[in-house]
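Reading through the structure tokens given below for one structure.
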Amino acid sequence: MTEQWHLPDELIERYTGGRLEPVQVMSVESHLARCERCRAAVPYEGEWLAASWAGIEDLVDRPRRRLAERVLCRAGVPEHVATFLAATPALARGWLVAVTAVTAFAVAAAHLVNRDPRAGLEGLVPFLVVAPVLPPAGIALAYGPRVDPVHETQAATPTGGSRALLLRAVAVLVSAVVLTGMATPLLPGPPGLAAAWLLPALALTAATLVLSTRFAPLVSATALTAAWFGAVVAAARLTGDGLAPFSPAAQALYGAATLILIPLVYLRRARFDSGEPRWNRP
């Protein structure tokens, strides 16, 4: 059996002096990783090494928290839940910017249309129609292997399955309602009518969650969005009034649907088995 090879003193001196080519450095460090004798021959400053490792350990063990995570923690959300919610794909900057852009466009369009005295309050229709589908769209992008790069990893944790979907759905709903609500006072017309998107949004969100116990959130949200747009167009054509889907009678219907659907979300939680919903199991 041949004797193990060790780094010559001259090579160690050139390595510590930073006079080796990158390929040679990689070769030396590969040897140092498995040779205790050569590691002991490499000089180092104990205090510097200890301080360096302390900094690395602090960064790895407690990485800098995101702004959303810090805000959630200040609001009283448990740290592990705040960390999980801050990683929600739908709460990424792109989706939030898209929601802001859509609401800003709808507000601008409402003001432009309402400059015409003959238009009445018809300028509110695009905003009222689009606003309710923003939370379901966020839920569609909040959970699942097609939208979350680390879905398989987090699905194996205690927060996987229904708990993950519900937590992220609530986070998306709150963010969408807050952003859209900030735009509501900027709309022309009565404040009550300008806020007529809220109950449809809650109903669509609850319906998305109910359907997501059986189908993927993306499929559920897409189907409900298409159904919502179809229902709005049909109601407007039948009544000749674009605001008919937001009348007091329609609002009562949305409220009743929400009250029925929310308990269904709870009752159908058993559809999520072993932390993974049926639609996500092979």
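The chain is numbered in sequence order, starting from 1.
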Minimum heavy-atom separation for [X] and [Y], please, with both atom names.
X      : Y      : value
Thr103 : Thr100 : OG1-O, 2.9 Å
Pro135 : Val172 : O-CG1, 3.7 Å
Thr208 : Pro217 : CG2-O, 4.5 Å
Val265 : Ala206 : CG2-O, 3.9 Å
Thr16  : Val42  : CG2-CG1, 3.8 Å
Pro200 : Gln251 : CD-OE1, 4.0 Å

In Å, rounded to the nearest 0.5 Å, how long is the span from [atom1] of [X] to [atom2] of [Y]?
X      : Y      : atom1 : atom2 : answer
His6   : Ile12  : NE2   : CD1   : 10.0 Å
Thr225 : Phe229 : OG1   : CZ    : 6.0 Å
Leu134 : Thr205 : CG    : OG1   : 9.5 Å
Leu204 : Leu211 : CG    : CG    : 10.5 Å
Leu11  : Arg19  : CG    : CZ    : 10.5 Å
Cys38  : Leu7   : SG    : CG    : 4.0 Å

ring-ring contact (aromatic ring centres under 6.0 Å, His included) contacts touching residues 172-192 (sequence neighbours left out)
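ring-ring contact (aromatic ring centres under 6.0 Å, His included) check on residues 172-192 returns no pairs.
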Should Val28 and Val25 be marked as a side chain to side chain contact (heavy atoms under 4.5 Å, CB included) after you check the CA-CA gap, both sets of side-chain angles, and the distance that decides it?
CA-CA 5 Å; Val28 169; Val25 171; 5.8 Å; no
Sequence neighbours excluded and cut-off under 3.5 Å, please list the side-chain donor-acceptor pairs for residues 239-248, or say none.
residue	atom	partner	partner atom	Å
Thr239	OG1	Ala235	O	2.8
Thr239	OG1	Asp241	N	3.2
Thr239	OG1	Asp241	O	3.3
Asp241	OD1	Leu243	N	3.0
Ser247	OG	Ala244	O	3.1
Ser247	OG	Ala250	N	3.4

Mind listing the side-chain donor-acceptor pairs of residues 177-193 below 3.5 Å, one per line with the distance, residues two or more places apart or on another chain?
residue	atom	partner	partner atom	Å
Thr180	OG1	Ala176	O	2.7
Thr184	OG1	Thr180	O	3.1
Thr184	OG1	Trp197	NE1	3.0

Tell me, which pairs form a side chain to side chain donor-acceptor pair (under 3.5 Å) where one or both residues lie in residues 26-36, sequence neighbours left out?
Tyr15-Glu29, Ser30-Arg34
The complete set of side chain to side chain donor-acceptor pair (under 3.5 Å) pairs with one or both residues in residues 252-262, sequence neighbours excluded, reads none
Please identify each residue that fulfils salt bridge (Lys or Arg N to Asp or Glu O under 4.0 Å) with Arg39, with sequence neighbours left out.
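So Arg39 forms no salt bridge (Lys or Arg N to Asp or Glu O under 4.0 Å) with any residue.
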Is it the case that the side chain of Thr222 and the backbone of Val219 share a donor-acceptor pair, with hydrogens and angles ignored and the cut-off at 3.5 Å?
no
For a 4.5 angstrom cut-off between non-hydrogen side-chain atoms, does Leu264 reach Thr213?
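They are not in contact (no side-chain heavy atoms under 4.5 Å apart), so the answer is no.
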Single-linkage hydrophobic cluster Val170~Leu209, side-chain heavy atoms < 4.5 angstrom
no
Cluster question for you: counting only ILVMFWY and a side-chain heavy-atom cut-off of under 4.5 Å, with indirect links fine, are Val232 and Leu198 together?
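Hydrophobic grouping puts Val232 with Leu198.
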I'd like to check the side-chain contact (heavy atoms from CB on, under 4.5 Å) partners of Pro263; sequence neighbours left out, ordered by chain and number.
none
Could you pull out all residues at least two apart from Glu10 that satisfy side-chain contact (heavy atoms from CB on, under 4.5 Å)?
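Glu10 satisfies side-chain contact (heavy atoms from CB on, under 4.5 Å) with Arg14 only.
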